[in-house]
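Numbered from 1 within each chain, the chains take letters A, B, ... in sequence-line order.
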Amino acid sequence: MTTPTAVAVTPAKRQSFRFIANRKAATGVVIVGFFVLLAIIGPWIAPYDASARSADLLQPPSSAHWFGTTHLGQDVFSQILVGTRGVVFVGFLAGAIATVLSVVVGVTAGYLGGTADDSLSALSNVFLVIPALPLIIIITSLLERSTDLMIALVIGLTSWAWNARVLRAQTLSLRRRDYVEAARATGESTWRVIFFEILPNLTAIIASGFVGTVIFAVMSEITLAFIGITTVSEWNWGTILFWAQGQQALASGAWWWFVPAGLAIAILGTALSLVNFGIDEFVSPRLRSAGKSKIKTATGATVRMRVGFTPVLRTTPLGETPVSPHRPAVPLEQVPPAAHASLGEKEPA
Amino acid sequence: MTLSDTSAARTGEAVLAAEGLTKHFPVRRGLADLLARRSRVVHAVDDVTLTLRRGRVTALVGESGSGKSTVARLLSQLYSRTSGDIRLHGRISTVRGGRAFRAYARRVQMIFQDPFASLNPVHTIRYHLTRALRIHGNGGRSRAELEQALHALLTRVSLTPPERYLDKFPHELSGGQRQRVAIARALGADPEVLLADEPVSMLDVSIRLGVLNLLRDLKERLHLAILYITHDIASARYFADETLVMYAGRMVEGGDSETVTQRPAHPYTRLLIESAPDPDTIQGSAQAAAEHTPEDRAGGEPPSLIAPPTGCRFHPRCPAVMPRCSVELPPRLTVGDADGHWAACWLYAPDEVGK
Amino acid sequence: MKNILQRVAFYLFTAWAAITLNFFIPRLIPGDPVRSMISRYQGQLNADAIQSLYILFGLDEQKSLWQQYLDYWAQLFRGDLGLSFTFFPAPVSQVIGDSIGWTVALVGITTVISFAIGTLLGVLAGWRRGSWVDGLLPATTFLSSIPYFWLGLIAITLLAGPGSFFPSSGGYEPGLVPAWDQWFIGSALQHSILPAFTILISSVSGWILSMRNMMVTVAAEDYITVAHAKGLPERRVALAYAARNALLPNVSGFALSLGFIVGGTLLVEIVFSYPGLGFQLFQAVGAKDYPLMQGVFLVITLSVLAANLLADLAYLALDPRTRREG
Amino acid sequence: MIEALGDVQSAPAARSPRRREPVLEIRNLNVDYGLGDDAVHAVREVHLTLHRGEVLGLAGESGSGKSTLAYGATRLLPPPGVISGGQVIYHPRDGDPYDVLALTPKQLRAFRWAETSIVFQGAMNSLNPVHKVWVQLTDVIRAHTPGLSRPAQVARARELLGLVGIAADRLEAYPHQLSGGMRQRVMIAMALALEPQVVIMDEPTTALDVVMQRQILRQLVHLRERLGFSVLFITHDLSLLVEFSDRIAIMYGGRIVEEAPSGALYRDSLHPYSHGLLNSFPALRGEKRELSGIPGSPPDLRAMPSGCSFHPRCPKRFEPCDTHVPPLGPPPDVPDAATRTVACWLHPTAAPVG
Amino acid sequence: ACGESPNANRANGQAATVLNVGMPNGPQTENHNPFLESSSGAILGYRWQIYEPLALANVIRPTDKPKPWLAQEYSWSADLKTLTVTAREGATWSDGQKFTAEDIAFTYDLIGKTDGINRFALPIVSATANGNQASIVFERPQFVNEARILRDIPIVPKHIWSTIADPATDIIKNPVGTGPYTLKTFTPQTTTLAVRTEGYWQQLPQVKELRYTSYNDNNAQTTALANGESEWSFVFIPNYETVYIAKDPENNKIFPAPVIGIHALYINTTVKPFDDPVLRRAMNMVVNRNDIFVQASAGYFHPEITSVTGIPTPAGDPYIAPEYKGQTHKVDVDGAKALLTGAGYTYEGTTLKDKSGKPVKIKLTDPAPWSDYITSLEIVKDNLSQIGIEATLDKATQDAWQKSVEEGTFEATFRWTNGGATPYDMYQTIMDGKLLKPVGEVSQNGNFGRFDNPEATAALEAYANATDDASRTTAMNTLQKIFVEQMPAIPVGADNAGGAYNVKNWVGWPTAEDPYAPAQPTQPNAVDVILHLKPAGA
Ligand SMILES: Nc1ncnc2c1ncn2[C@@H]1O[C@H](COP(=O)(O)OP(=O)(O)OP(=O)(O)O)[C@@H](O)[C@H]1O
Ligand SMILES: Nc1ncnc2c1ncn2[C@@H]1O[C@H](COP(=O)(O)OP(=O)(O)OP(=O)(O)O)[C@@H](O)[C@H]1O
Ligand SMILES: [Mg+2]
Ligand SMILES: [Mg+2]
Ligand code: NI
């Protein structure tokens, strides 16, 4: 249970990781971590060479092939394992690129204002106006051979505009905050104001923008692979789906070829969204589940904590005198005699 | 802290002066304006002239929205001014960011009106103060020196023991404590001028008193020139040497604090002083409070600053309004009851005084 | 004056920049429409046809890119989008005209419905935190994390097929002629249920989430407490006070998503064989059909800009604070 | 009803203690932020009685729990606030008294505004920015008087604005089109819409200049004369309180430490904290006095000093102060003891309230 | 009340009057210009139901004499440069005008004059009409183009087309042809043709209405075929037994007839050590065509090429040289190894080393989205490893691939050849020296592998220009010999001009037993197929 009351006593350092305490976020982090691990060790633990043909054509899942085989007898499970790396790599790299760009463009535009703002926001608007997926399709077909790196670059370079816009708007509102003005009045230089006063306050937006872009990048990459735009030299989940779809896996009843990759994407996406929830709630104290949302009153009834109707833990029937829940008032008898003795020292008015 | 070289002899010397300071904020315009080809501005500050002197506290009082904070921000050069000059030690100073601004900031520091907004929520008190010291080279050369300087700062604003506050975040402090951190930060720059914008508005009277005593102490010990902006006229009387009154973007009266608060000359100042609650004159009766109400004589709303009244801006509400008030802008006119007491009111024009 | 002019100039500049990019980007792609066509037909088209196609498409004359660019603008000002290569010599405007209606109808209506449902659920979830609606969130998140095409294909496999009520592809039953009659509209509706439903499933969660968060934020505002203090009926506090204010930020998101209707529907149309603009764009990219690509991009650009304008206006209409008169 | 209160007007409640008749009794109220061990006890064992027709001022240290008390008593405290015990007994004009804390949400809704209305500190944020003034005025009328026709509602809204001195054409305005003072007055008008018995005001004028402040308060006092409601007035401005209220209660560290008629408190405060407060504000007129202030810093709610929470700062602390919490009750040793209470071992009460 | 609506009687559309044809090409734009490959008429194939050609050559029986159609009869001059055609008696245009030889002459003249619609780059010198005869004169002997000239040129009415300003850019809103059908309605999704009521020159077909539906992609088309929504189409169906046939084994049929046009692994003969024919022959010996057939083309789509000459059978049987008759490809790893070691190649472990001692490596390239080619390459890669060649698979974008193929910078790639009535076209695509360009320069039409063999060039030239069968046979045999010995490209699968159809409502489709026409709805022969159809059970 996290209550804001805990915050005040928590030392400063621990704050940055507080969002992990959120259950949703923690689940998300664990799953994402699992996929990252797979991305690293996937190719080593894969039971087969993902591209190797075998005599088991289009076999349903079995102990030899956990997720069955393709029309060429390739092992789907190995393909998923090997494919994780590309997905995770592209997702995170593209997310990082887009985030850096959006921060640079958005914050600079927002903070500097004037001509710099006009041209930078025009630039991001142009990128916003151009439809992202078709643009990515065009750019990737520009590249002779699209490696994962290239795809990550393309996705990253084309998908920063939205975040830049959000960041700009936020920076605009931060720029006029008193503490930024105060920092300037103290004599901070422009870059210090941007990096040390404004950016830390944007951390949450940047982080959730990053997570959002990672989701977008993963989806884009998989979509691109699925519609056959990018090269399929490196295995990723989209490639698996591309082959499955090209070979009509679903119509031929080879669900095992189609389902695992899709589920893997959905799980990774959900995990990332969960992390995002965590960040969101971390940022906005109001979203932070303020402990329990339901509480028990003294009579055992459950009431919901909500605005406008403060819960009452204990009521006293009208005739009776309410007692303090903490500590009874000190009975007069217990007052040490010294107190009475000093009565005369009443202060002058 | 190298303020010891100041000698009392130089007390009273003008440090920061503003002449004809004017600030107009452009107003976002609607379609109607476009069609009418109007260009509208908020006349937040018009033609303000004031001088801050060494070792003296100048109070600035006035209605809410009369432009007091804007004057402070103009003086700290956070806002560019529409017109007018700011003189630092007699030299006209216009800085827009960069090194020059920093040099200016070192001498002129500002305490913001809202202590909840002016500290960055993500930084500790230590960070805020360290920056203030470092930027202006007061942080010493070693860690130990820095630590010592930080302690000295916090001790000066009575946040003791300093260790208890250094590593806290702003939200962990009470309003009064934040206010004092803001003051400490301003002091960290070792300035000559302190622009304190309502530094005590949100505090209960006891904490308020503590802060004001600190300011007075600073004035006396370090010979700071202080601009003290407040709604609490009584505190201006107690802490300021000089009091200026603003109304609708203009200075309407100025002079020695005691004179201005006890013998207000301008009708607005009178209204202000009469409006201020005073338990010593009327005691403890809601009934009585309702009876003698100064606004009966000067009712009405504060004027629009977009289309301010012509002539004297107070004339629509003034109980002593004369025909010329609505056409001619009154200049600063000497009141004559005390040295340096002036009012921008036609009542004190030589030709009127005779009547 | 300056402000509005600035706004107009800004829109014009964005349009110009986007159109220019739209012009140049496709031309950076190596290869040309003729070879794409040859490749597409993989041997079905005789190699001799190459020359005739170059002549046909007018690609035999060498024109500098700059000249082409100028010509393009001249064309645009005449309201002429050129001729499509894939459907040579059909004018691009006709190709777009044929397909845009479908996209707008399917995706437009679903976007509106999704926004409406999502917002409503978001209001509920945000207002009664911890209730069942709030519990729905992880589930909708999961659904929206599923790649759209995957969801669509699974839906087709499981739900569509011979004898099923849901057709697996197309915008209406083959053999029908578009007309405003019961058969056609009925068929079009029937064909749109499955795609619409899958779009809904994958997009509604976003709206729920943003609306919920806004609701939670707004619910903590003073005026909500005041509304409670006033003893107003719960429903009025929730709708007229909380939801009304929470809606504001969502409006611009909604307007923008209207702008992305055209561009964002590629996969729906691919998966469900829907005869819309997204699929045309996809094909045009594959076929190096510059005029068609440019045409579709133009439509998208203009619709996003229009949506932006709409967002501006909607904000103006909904938020009295922006209607400041001084 | 207004006529019925006419005699109250001619003989103010505060001046005639024998006729004091309670409208709102807060008994042993405890309000926490959070639950269990993490809870911050922001209001502890507060006893406070608001009498018919009086203005009760509430002052005290910032952070002492004044707002929490006001919101807790009306059950408007946002999460994580919870009321951990006590009673808030309301005495309707006719009918039996009842405990506000025991009301169901539905009853509470009916109770609110019709019986007790509240004016919050920030008027800017108290008005819904997207609805016009008349909408916000009439919706409260509609909610509580369902039968009333639309024109009648608007007429009532117009009348209400008239009460607070705002031209009727301002009904069509949006909140942002009004100045801060006007908004504050709209809130006051709204608070009076249903002629409630109790109006709670939490620092309604802090951000305004004295001219505006007085203008608003003057109207309030006039209205009270006419309508006869009681006011719980929270502010830091002691001089304002002394001038405007009949009685003043002082809070410190979540407790009421002293309560007395305002004149009595100003002249002769019993609790060292009250005394310190009254010696901390400068006077505008008359001789300049020496201001002593209160040394030390406010208590940390999380780590409250044992015994009397003021004892670490108290110049007169003695033996029992750091171990025993002094009960609130009439002081034994002053002439006007019947009209005042204090919680201090210097004046140990013989008959603690509650 | 709703009588006016075109959809009103749609609901009770009888199965036995309508035939649903489908193609997987996405939404169409109205364009009925029969000369344009980009027209909806061409893409869906319905142009051939409205416009008819002179004669119907059957690409799956290339040696059969083309069946006279709008030409009552036709004859070639001895030098094969002049075609004389007698116009069909009794044929009328659908607007009621009589069909004459003028129309034939006009059509060929139009094509000769308009480069944009001269799809086969026919060297037409003149086309004139004389009575009911038209004669078309060509610059060169047209033996290899005969089928195209007769079959692939739709004849258009002079009285309408002579008024058309630009026949290359007109969409021919109201198509008027001699065929059995007229346009009824067009929508981007479906084009409907109605059978003519009168004036057709032979007995009208029994299908009263033809509906051409365009599905967005192969999957949609396949689904429609499988569930009977679509009754005739030409589409690649992966795993067709399960996906298509098994859904309705009684009625769902395919007829994938091979034509003379092949898919082969082009090898860049300028790259060492692949300039060595021995190495190429050895590679050919290990390619497992059956695996490719079964796994990459679903066991039907690109019929396996068995003849060592690369000529698809049975269509090309008559052309196969006597010495290669009956000789088929066999996977022979040991033979290949022996061949290589005999020619100076060595093995180090399992790695093949060329004569200079370098390990033999090859990069196989194809565009990523072409899954059948990529699958084939996967198999080839596997096969080559058996003789110690390390192959890598390089999946490029289509454009990059195209560039590398045309400029000759690839090492090996799967690609198609031109097809035609004789093996001339396929050999020409692979071996024609006239198309030879230096590496780096674009060669659009063929010889991507930069195969430089003057003898082959000469044989191709001789074949195209020969006026008698004997010299043609000689040239063809030479070509085969060169191909087999030099192996400039490794033939794998044939093109197929077949289709998938449904016999539930209509019977009379071409089958392996009665291959009277290729079962492909976009071929000119489609009109013949429709004329063969009868309601099932009737
Ligand atoms: N950035 C700005 N843009 C437009 N108008 C502004 C801006 N800042 C201040 N104003 C306007 O200028 C006038 C003066 O404001 P200022 O904050 O200086 O008043 P103030 O005297 O400090 O008031 P208060 O006592 O309430 O702090 C007000 O009418 C205000 O609305
Ligand atoms: N959400 C919260 N969680 C924990 N503690 C809180 C919360 N809100 C308020 N408090 C604490 O409760 C105490 C009482 O706050 P309250 O707002 O009632 O004070 P106040 O007397 O109205 O002060 P002020 O004069 O500054 O308005 C304060 O010390 C504050 O720190
Ligand atoms: Mg201010
Ligand atoms: Mg408060
Ligand atoms: Ni009166």
Report task. Determine whether E:Ser40 and C:Phe87 make a side-chain contact, defined as any pair of heavy atoms from C-beta on separated by less than 4.5 Å. Result -> no
**Report entry** Exceeds 12 heavy-atom contacts within 6.0 angstrom, atom CZ of C:Phe197
**Finding:** no
Query raised in the report: Any idea which heavy atoms bring E:Pro27 and C:Pro275 closest together, and the distance?
Result: CG-CA, 3.7 Å
Query raised in the report: What is the distance from atom CG of C:Leu153 to atom CG of E:Asn219, rounded to the nearest 0.5 Å?
Result: 7.5 Å
Report summary line: When the 4.5 angstrom heavy-atom criterion is applied to C:Phe85 and chain E, the contacting part is backbone
Query - Atom of C:Ala90, atom of E:Thr29 and distance for their closest heavy-atom approach - result: CB-CG2, 3.2 Å
Query - Spacing of C:Ile156 atom CD1 and E:Thr223 atom OG1 [to the nearest 0.5 Å] - result: 7.5 Å
Query - Under 4.5 Å from any heavy atom of chain C - which part of E:Asp166 - result: neither
Requested in this report: Name the member of E:Ala168, E:Ser230, E:Pro24, E:Pro367 that forms the most heavy-atom pairs with chain C at distances under 4.5 Å.
Outcome: E:Ala168
Query raised in the report: In Å and rounded to the nearest 0.5 Å, what is the CG to CD1 distance from E:Asn216 to C:Ile270?
Result: 8.0 Å
Report task. Enter the distance from C:Tyr274:OH to E:Gln189:CD here, rounded to the nearest 0.5 Å. Result -> 9.0 Å
Report task. Give, as side chain, backbone, both or neither, the part of E:Gln221 having an atom under 4.5 angstrom from any heavy atom of chain C. Result -> neither
Report task. Examine whether an atom of E:Val59 lies under 4.5 Å from a heavy atom of chain C, and if so say whether it belongs to the side chain, the backbone or both; otherwise answer neither. Result -> neither
Query raised in the report: Quick one: of E:Ile262, E:Ile171, E:Thr429, who has the most non-hydrogen atom pairs under 4.5 Å with chain C?
Result: E:Ile171
Query raised in the report: Nearest 0.5 Å, what's the CD-OG1 distance between E:Gln28 and C:Thr86?
Result: 9.5 Å
Query raised in the report: Is it the side chain or the backbone of E:Asn31 that comes within 4.5 Å of chain C heavy atoms, both, or neither?
Result: side chain
